[in-house]
There are 2 protein chains.
Amino acid sequence: MSDTQALEKRRAPVKDTKTSKEGDERHEAIYRSISDAIVEQRLKPGARLREDALAEVFGISRTGIRKILQRLALEQLVTLTPRRGASVTRPTADEAKDVFDARQLIECGLMPDVARRMGEKEAAELREMARQERQALRSGQQSVAIRLSADFHVRLAQLSGNATLAEFVERLCSRSSLILAVYGHRGHLGCESHDHDDLIGYLETGNGERAKAFMSRHLKAIEASLSMVEEEENVPDLQQIFGG
Amino acid sequence: MSDTQALEKRRAPVKDTKTSKEGDERHEAIYRSISDAIVEQRLKPGARLREDALAEVFGISRTGIRKILQRLALEQLVTLTPRRGASVTRPTADEAKDVFDARQLIECGLMPDVARRMGEKEAAELREMARQERQALRSGQQSVAIRLSADFHVRLAQLSGNATLAEFVERLCSRSSLILAVYGHRGHLGCESHDHDDLIGYLETGNGERAKAFMSRHLKAIEASLSMVEEEENVPDLQQIFGG
DNA sequence: AATAGGATTACTGTATACAACAAACAGCAG
DNA sequence: CTGCTGTTTGTTGTATACAGTAATCCTATT
């Protein structure tokens with residue numbers, strides 16, 4: 001296999017001209033590739049992410065991969081253990097609670113601002129996003145639907161006009177997708193499909209308080225739909241059983 | 001000068017045994033060194049942070065410095081421009097508004113939880129922090145006082161029990177220090193010294209709503225104390241003057 | 001004398017090589 | 001047959017070398 005590797009290495013230099021011209025954008029694309037794969041659960045929690053393997057797949061060296069991995073680690077999508085490398089984060093029940101409490105506080109608090117800044121153009125954009133989400137769900141693409149749902153919440157936060165809080169919501173939504181992947185029931189992905197449309201309705205009429213209350217219930221419903229049993233790891237039980 | 005550099009390089013290997021044993025902790029220490037220097041305004045907004053220089057100062061190679069710089073960039077304490085390197089972030093007025101709005105939402109929203117979890121031990125710890133802050137202020141160490149004030153707000157958020165939101169507050173406080181450094185008046189650092197003690201009082205008696213209202217006024221007062229004039233940079237005027 | 005153009009310099013971006021550590025496996029002893 | 005230890009392999013951590021780019025300075029020309 002190392003022979004194949006050696007041969008494939010020759011393909012990298014071909015991209016050099018392109019890489020040097022738009023290196024940052026390539027990094028961004030790779031980052032998003034991995035991020036999407038995690039959020040869409042194609043990379044399952046606990047999956048190991050070896051630097052060599054990623055470097056080979058994306059045709060850049062380990063240096064760049066490490067940079068991306070660190071960014072993902074800071075966003076808590078991957079866990080970086082000192083000499084063991086990177087793996088997709090497996091959120092604990094406590095973390096899940098923290099994330100949803102945080103979403104309650106921030107996303108609900110943002111609704112009045114969003115309602116105030118809501119125009120026809122924004123409403124149309126959100127409706128289109130909700131439509132795509134429904135469509136994905138109907139055609140059985142649950143992974144895609146999860147990501148589109150997260151995108152919807154993020155876009156909503158961005159419409160508040162506060163970039164800092166929008167960024168926080170983005171991170172919370174990414175982690176939520178991970179939480180859904182671990183604790184969610186198959187066939188019931190957090191957001192009910194009509195919920196988002198209802199929400200747009202309240203926002204469109206400028207009814208911030210109503211939207212806030214609705215968002216609160218919406219998030220509570222998602223959280224309630226989770227089954228908070230910590231999946232047993234490979235060899236964890238002994239300590240638990242004997243009261244370690 | 002490059003000769004001196006070449007000679008000094010020999011000092012690095014001496015540390016290797018130590019570095020390899022506790023490399024992570026050393027990185028953490030360096031990170032905090034730089035972070036503190038920024039928050040305490042010993043590194044002023046706009047200051048360039050050359051990788052070579054930092055690498056030499058801390059006795060590690062550029063690789064490690066880059067890692068730290070990237071982390072600081074993600075926290076928005078330093079700005080990383082593509083081929084120009086790193087510099088201390090100079091917050092804009094818009095960013096300042098976003099940050100303080102975010103603090104209003106999050107820190108105020110956290111107060112009821114904090115009040116609920118407040119015990120004697122926690123109150124004592126906070127009073128000690130407030131005392132140190134007053135002392136630093138009295139002895140003219142404004143830089144230190146700014147950092148201690150930020151530490152106070154962060155510790156408060158941690159007492160809410162929500163690690164995720166506490167982390168957000170930490171980042172917001174760091175950026176606030178930067179904002180104070182740029183837009184604050186000399187001699188009037190954001191937090192009034194007695195404010196924090198009053199706040200502890202409300203929290204100690206479990207009066208979450210009162211604490212919430214007080215925190216809101218507290219933050220508003222800090223924001224109001226800023227003079228929101230964007231400092232002229234070195235050579236920026238031409239475009240502004242001629243309506244670029 | 002001032003400006004434009006070119007050359008040099010200084011800095012970052014990237015890859016690769018080397019070293020250290022942890023885990024897995026095999027071999028040996030009980 | 002089971003448990004322990006030594007070796008080997010695989011993977012990360014760190015440094016350094018090389019390349020490319022932007023900024024600065026110097027020179028020449030108008």
Side-chain angles (χ1 to χ4, degrees), chain A residues 1-3 5-6 8-31 47-73 78-87 234-235, chain B residues 1-31 47-73 78-87 233-235 238:
Chain A
M1 259 216 248
S2 44
D3 295 328
Q5 262 182 328
E8 296 221 12
K9 264 187 195 166
R10 252 184 297 176
R11 214 178 43 196
V14 180
K15 286 185 184 169
D16 262 3
T17 46
K18 201 161 133 191
T19 306
S20 55
K21 188 160 61 177
E22 50 187 359
D24 301 335
E25 297 173 21
R26 174 129 189 80
H27 273 52
E28 187 67 21
I30 296 172
Y31 161 78
R48 291 195 57 181
L49 301 171
R50 293 198 305 103
E51 297 179 353
D52 281 349
L54 291 172
E56 195 184 355
V57 166
F58 292 109
I60 64 174
S61 89
R62 275 179 52 211
T63 310
I65 295 295
R66 289 178 67 88
K67 194 160 118 183
I68 292 165
L69 247 27
Q70 275 167 37
R71 179 170 165 194
L72 288 166
V78 314
T79 302
L80 229 52
T81 53
R83 316 250 167 210
R84 304 280 309 277
S87 60
N234 298 333
V235 201
Chain B
M1 260 214 252
S2 43
D3 295 327
T4 327
Q5 262 181 328
L7 285 174
E8 298 222 11
K9 264 184 195 169
R10 253 184 295 176
R11 214 178 44 193
V14 179
K15 286 187 185 168
D16 261 4
T17 47
K18 202 161 134 192
T19 306
S20 55
K21 187 160 60 176
E22 48 187 359
D24 301 335
E25 298 172 19
R26 172 130 190 80
H27 273 52
E28 188 67 21
I30 296 173
Y31 161 78
R48 291 194 59 182
L49 300 170
R50 294 196 305 102
E51 296 180 354
D52 282 349
L54 290 172
E56 196 185 353
V57 166
F58 291 108
I60 63 173
S61 89
R62 276 179 50 212
T63 311
I65 294 294
R66 288 179 70 88
K67 196 160 116 184
I68 292 165
L69 247 27
Q70 275 165 37
R71 179 168 164 197
L72 288 166
V78 315
T79 302
L80 230 52
T81 53
R83 316 248 169 215
R84 304 282 309 280
S87 60
E233 291 170 34
N234 298 332
V235 201
L238 292 179

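When reading the values below, keep in mind they use all heavy atoms of this one structure, side chains included, and skip hydrogens, waters and symmetry mates.
Looking at the side chain of A:Arg84, the nearest of the listed nucleotides C:dA22, C:dT16, D:dG13 is C:dA22. With C:dC21, D:dT16, C:dT14 as the candidates, the nucleotide lying closest to the side chain of B:Thr63 is D:dT16. Between C:dT14, D:dG13, D:dT16, one nucleotide has an atom nearer to the side chain of A:Glu51 than all others, and that is D:dG13. Comparing D:dT14, C:dT12, C:dT14 by their closest approach to the side chain of B:Ser61 singles out D:dT14. The side chain of A:Ile60 lies closest to C:dA15 when the candidates are C:dA15, C:dA23, C:dT14.
In this structure, the side chain of B:Arg66 does not engage the main chain of A:Lys67 through any donor-acceptor pair within 3.5 Å. Using a distance-only test at 3.5 Å, with no hydrogens or angles considered, a donor-acceptor pair links the side chain of B:Arg48 to the main chain of B:Arg84.
Looking at heavy atoms from C-beta onward, B:Leu54 lies in side-chain contact with B:Leu69 at the 4.5 angstrom threshold.
Between B:Glu56 atom CD and D:dT16 atom C1' the separation is 16 Å, expressed in whole Å. The nearest whole Å value for the distance from the CZ atom in B:Arg66 to the P atom in C:dA15 is 11 Å. Residue B:Lys67 contributes atom NZ, which lies 13 Å from atom P of D:dT12 at whole-angstrom precision. What separates CG of A:Asp52 from P of D:dG13 is a distance of 12 Å, to the nearest Å. Atom-to-atom, CZ of A:Arg83 to C1' of C:dA19 comes out at 11 Å; the value is rounded to the nearest Å. C:dT14 atom C1' lies 18 Å from atom CD1 of B:Ile65, rounded to whole Å. Rounded to whole angstrom, the span from the CZ atom of B:Arg48 across to the P atom of C:dT12 amounts to 6 Å. Look at CD1 on A:Ile68: it is 13 Å from C1' on C:dT14, rounded to the nearest Å.
Axis deviation across the helix from C:dA1-D:dT30 to C:dG30-D:dC1 amounts to 0°, comparing end segments of five pairs, rounded to 10 degrees.
From B:Gln70, atom CD reaches atom CG of B:Leu72 across 10.5 Å, with rounding to the nearest 0.5 Å. Rounding to the nearest 0.5 Å places CG of B:Leu49 at 11.5 Å from CD1 of B:Ile68. Separating the NE2 atom in A:His27 from the CD1 atom in A:Ile65 is a distance of 7.5 Å, to the nearest 0.5 Å.
Contacts of B:Arg62 with the nucleic acid, taken as non-hydrogen atoms under 4.0 Å apart, include base atoms. Nucleic acid contact class of B:Arg50 (heavy atoms, under 4.0 Å, all strands): sugar-phosphate only.
Scanning all heavy atoms of the two residues, the minimum distance from B:Tyr31 to B:Arg71 falls at CE2-NH2, 3.3 Å.
If A:Gly64 and B:Ala86 are placed on DNA chain C by their nearest nucleotide, the residue sitting closer to the 5' end is B:Ala86.
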